[in-house]
Amino acid sequence: MKKLILIGGGGHGKVVLDVMTAQGVYVLAGVGDDRFSHTFLQHGVPHGPITDMIKLLEYDEFSLLIAIGSNRSRHAVEQRIGVAKAKYATLIHPKAVIGSGVTVGEGSVIMPGAIINCGAHIGRHCIINTGSIIEHENVIGDFVHLSPTAALGGDVAIEDGAHIGMGAKVIEGRRIGSWSTLGAGAVAITDIPQLCTAVGVPAKPIKYAEDKQILIRQRRA
């Protein structure tokens, strides 16, 4: 089996580890997290600071996945470590439903019960969480997180870094702007602009990012 290093030792990392185990392609070879001050063995697996774990990627048999729930933090770590795209694993739980012509980018994780229908594109370093639904021909950008039971109608576009909250819905043909958040239970019946938080039924922006330039630079990096 291939060897996988997870960056992120928190709760989301534990869920990702379950997906890895169920998929049956990789075996855990290390956990990197900067809350660890030194490298140590836990159940025979090295745990340590991110810089220590990244050194293992010098060997061809090791792959990597950033198991951090925050889109912005996941993006920051990806930029910081500068690892080639080819080193990133893609994890898909066997109980996810993947339609014909679906593409899933490097570093993304598809959780159990997720449904991705025909022709949809999932970008890099995305989290498609438990029971979420992505209908036909959706385009999901990089560093997107669909929370559990979120649902997207057909031909929806979710731009880079956006977060779709638990149980939120986007009707067909709409666009959610980059680095925006659609709150839990919200229903987007119109496009949602970038860099905002939108809530309610129908969803409307209630606030915008304090420093838009920082997030725009993140999106373009």
Side-chain angles (χ1 to χ4, degrees), residues 1-23 25-93 105-112 114 123-130 132 142-148 150 160-166 179-181 183-184 197 209-211 214-215 217-219 221:
M1 294 178 72
K2 300 178 182 179
K3 298 179 179 179
L4 184 63
I5 299 165
L6 292 183
I7 301 301
H12 180 66
K14 294 175 182 177
V15 176
V16 170
L17 180 57
D18 280 350
V19 176
M20 182 205 77
T21 301
Q23 185 178 6
V25 175
Y26 297 93
V27 61
L28 184 63
V31 176
D33 196 308
D34 283 343
R35 64 191 175 94
F36 302 137
S37 60
H38 62 282
T39 298
F40 60 95
L41 290 178
Q42 183 172 308
H43 305 300
V45 176
H47 290 57
I50 292 173
T51 52
D52 288 0
M53 294 298 104
I54 293 304
K55 293 176 182 177
L56 294 174
L57 295 175
E58 298 173 3
Y59 302 96
D60 290 340
E61 66 266 30
F62 287 90
S63 296
L64 175 68
L65 194 131
I66 303 173
I68 298 173
S70 164
N71 294 345
R72 294 174 189 171
S73 297
R74 204 161 58 257
H75 179 272
V77 169
E78 191 264 354
Q79 293 290 296
R80 168 187 161 190
I81 61 182
V83 173
K85 292 181 182 179
K87 295 297 290 185
Y88 283 102
T90 298
L91 300 182
I92 301 176
H93 196 283
E106 303 92 347
S108 290
V109 180
I110 314 299
M111 302 292 186
R124 301 172 56 242
H125 302 287
C126 292
I127 301 168
I128 309 302
N129 224 314
T130 309
S132 56
D142 299 338
F143 302 97
V144 167
H145 183 179
L146 263 66
S147 295
D160 292 354
H163 181 194
I164 310 302
M166 186 178 296
W179 302 100
S180 283
T181 297
T197 297
E210 292 182 1
D211 191 340
I214 290 176
L215 295 182
R217 287 197 296 271
Q218 283 186 340
R219 179 171 60 87

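Smallest separation of non-hydrogen atoms from V19 and I110: CG1-O, 3.9 Å. Minimum heavy-atom separation, G8 to I68: CA-CG1, 4.2 Å. Considering every non-hydrogen atom in both A89 and L4, the closest pair reads CB-CD1, 3.7 Å. In terms of heavy-atom proximity, N71 sits nearest to R74 at OD1-NH2, 2.8 Å. For L6 against V16, the heavy-atom pair with the smallest separation is CD2-CG1, 3.9 Å. Closest approach of I5 and M53 over heavy atoms only: CD1-O, 3.5 Å.
At distances below 3.5 Å, not a single donor-acceptor pair connects side-chain atoms of D142 with backbone N or O atoms of D160. With hydrogens and angles disregarded, no donor-acceptor distance shorter than 3.5 Å links the side chain of T197 to the backbone of G183. In terms of modelled atom types and a separation under 3.5 Å, the side chain of H12 and the main chain of G10 share no donor-acceptor contact. With hydrogens and angles ignored, the 3.5 Å screen pairs a side-chain donor or acceptor of T90 with a backbone N or O of G105.
The shortest distance between side-chain heavy atoms of L64 and I81 falls below 4.5 Å. With a 4.5 Å cut-off on side-chain heavy atoms, T51 and R80 count as touching. At a threshold of 4.5 Å between non-hydrogen side-chain atoms, the residues I164 and S147 do not count as touching. Between M20 and V109, the closest side-chain pair of non-hydrogen atoms is not below 4.5 Å. Using a 4.5 Å heavy-atom threshold, the side chains of M111 and H93 count as separate. With contacts defined as side-chain heavy-atom distances shorter than 4.5 Å, the pair K2/V25 qualifies.
Summarising the geometry, atom CG belonging to D33 is positioned 8.5 Å from atom CD1 belonging to I7; distances are rounded to the nearest 0.5 Å. Between atom CD of residue E106 and atom CD1 of residue I66 there is a gap of 12.0 Å, rounded to the nearest 0.5 Å. Rounded to the nearest 0.5 angstrom, H47 NE2 and D52 CG are separated by 13.0 Å. Atom CE of M1 sits about 14.5 Å away from atom CD of E61, to the nearest 0.5 Å. How far OG of S63 is from CG of L57: 8.0 Å, rounded to the nearest 0.5 Å.
In this pair, F36 and F40 present their aromatic rings perpendicular. The plane angle is above 60°, beyond the 30 to 60° band. Taking the six-membered ring where tryptophan is involved, the planes of F143 and W179 are essentially parallel, since the angle between them stays under 30° and well short of 60°. Ring pair H125/Y88 is perpendicular by interplanar angle, where above 60° counts as perpendicular and below 30° as parallel.
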Intermediate values then yes/no, side-chain contact (heavy atoms from CB on, under 4.5 Å), N129 and H145: CA-CA 7 Å; N129 224 314; H145 183 179; 3.0 Å; yes

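By the 6.0 Å contact criterion, NZ on K3 is open, its count of non-hydrogen atoms from other residues, nucleotides or ligands being 12 or less.
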